[in-house]
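The structure under discussion appears below in the form of structure tokens.
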Amino acid sequence: EQTVEVCQFVKRDKRDTTNTTFTNLYVKYMAEEWGDEAKLNEVFGKHGKVTSVCLRTDPKGRKFAFVNYETHDDAVKAIEALHKSM
């Protein structure tokens, strides 16, 4: 069984560097009940002000999302609270 993964989104060519100012999170292996943007706003909004949510499905039918926070600190709080939480 997969667990939810919540981490900063880093473009492939930039993954070797550490970014300490990110606000955008990449979310994969989400729970089925997180299947809409309203639910993602509810879950992630508990950890800070969410400025945008983008929910997508890949060609294999797997859902993933980008969640953007107003501040870096809020994004870090969400990672600490939700990464591998399920």
Side-chain angles (χ1 to χ4, degrees):
E1 183 176 310
Q2 298 283 350
T3 59
V4 66
E5 289 195 22
V6 182
C7 54
Q8 79 182 65
F9 174 74
V10 180
K11 290 183 180 180
R12 185 169 289 154
D13 63 341
K14 303 289 183 187
R15 289 186 185 163
D16 291 336
T17 62
T18 302
N19 181 352
T20 59
T21 61
F22 65 89
T23 58
N24 195 35
L25 304 181
Y26 172 62
V27 184
K28 62 182 181 177
Y29 307 127
M30 296 180 293
E32 284 292 319
E33 56 269 13
W34 292 9
D36 63 51
E37 290 184 7
K39 183 63 176 181
L40 287 171
N41 268 310
E42 177 188 328
V43 170
F44 285 85
K46 294 175 184 175
H47 308 288
K49 184 172 180 182
V50 174
T51 59
S52 65
V53 172
C54 180
L55 180 64
R56 295 288 183 253
T57 304
D58 72 9
K60 293 182 179 180
R62 298 173 296 197
K63 290 188 178 186
F64 64 95
F66 294 96
V67 177
N68 195 58
Y69 280 94
E70 188 169 74
T71 68
H72 169 73
D73 290 340
D74 290 343
V76 171
K77 282 190 269 184
I79 291 170
E80 290 170 352
L82 297 171
H83 183 60
K84 304 242 181 204
S85 64
M86 300 180 81

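No experiment lies behind these values; they were computed from the predicted model shown.
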Exercise. Would a distance-only check, ignoring hydrogens and angles, find a side-chain to backbone donor-acceptor pair under 3.5 Å from H47 to D74?
Worked result: no
Exercise. Salt bridge (Lys or Arg N to Asp or Glu O under 4.0 Å) with K46: which residues, sequence neighbours excluded?
Worked result: none
Exercise. For F64, which of T57, V27, D58 qualifies under side-chain contact (heavy atoms from CB on, under 4.5 Å)?
Worked result: D58
Exercise. E80: what forms a salt bridge (Lys or Arg N to Asp or Glu O under 4.0 Å) with it, not counting sequence neighbours?
Worked result: none
Exercise. Can you find a pair of side-chain heavy atoms, one from V43 and one from L82, that are under 4.5 Å apart?
Worked result: yes
Problem set entry | Residue list, salt bridge (Lys or Arg N to Asp or Glu O under 4.0 Å) with E42, at least two apart or on another chain | K39
Problem set entry | F44 and W34 aromatic ring geometry - parallel, tilted or perpendicular at 30°/60° bounds | perpendicular
For this session: Using only heavy-atom distances, determine whether the side chains of S52 and N68 contain a donor-acceptor pair under 3.5 Å.
Result: no
Problem set entry | Shortest non-hydrogen separation from L55 to G35 and the atoms involved | CD2-O, 3.2 Å
Problem set entry | Shortest non-hydrogen contact between Y69 and A78, atoms and distance | OH-CB, 3.3 Å
For this session: Kindly give the heavy-atom pair with the smallest separation between E37 and C54, and that separation in Å.
Result: OE2-CA, 4.0 Å
For this session: Side-chain contact test, heavy atoms from C-beta onward, threshold under 4.5 Å: evaluate it for N24 versus V67 and give yes or no.
Result: no
Exercise. Given the rule in the side-chain contact (heavy atoms from CB on, under 4.5 Å) test, do L40 and F66 qualify, once you have shown the distances and angles that lead to the verdict?
Worked result: CA-CA 10 Å; L40 287 171; F66 294 96; over 6 Å; no
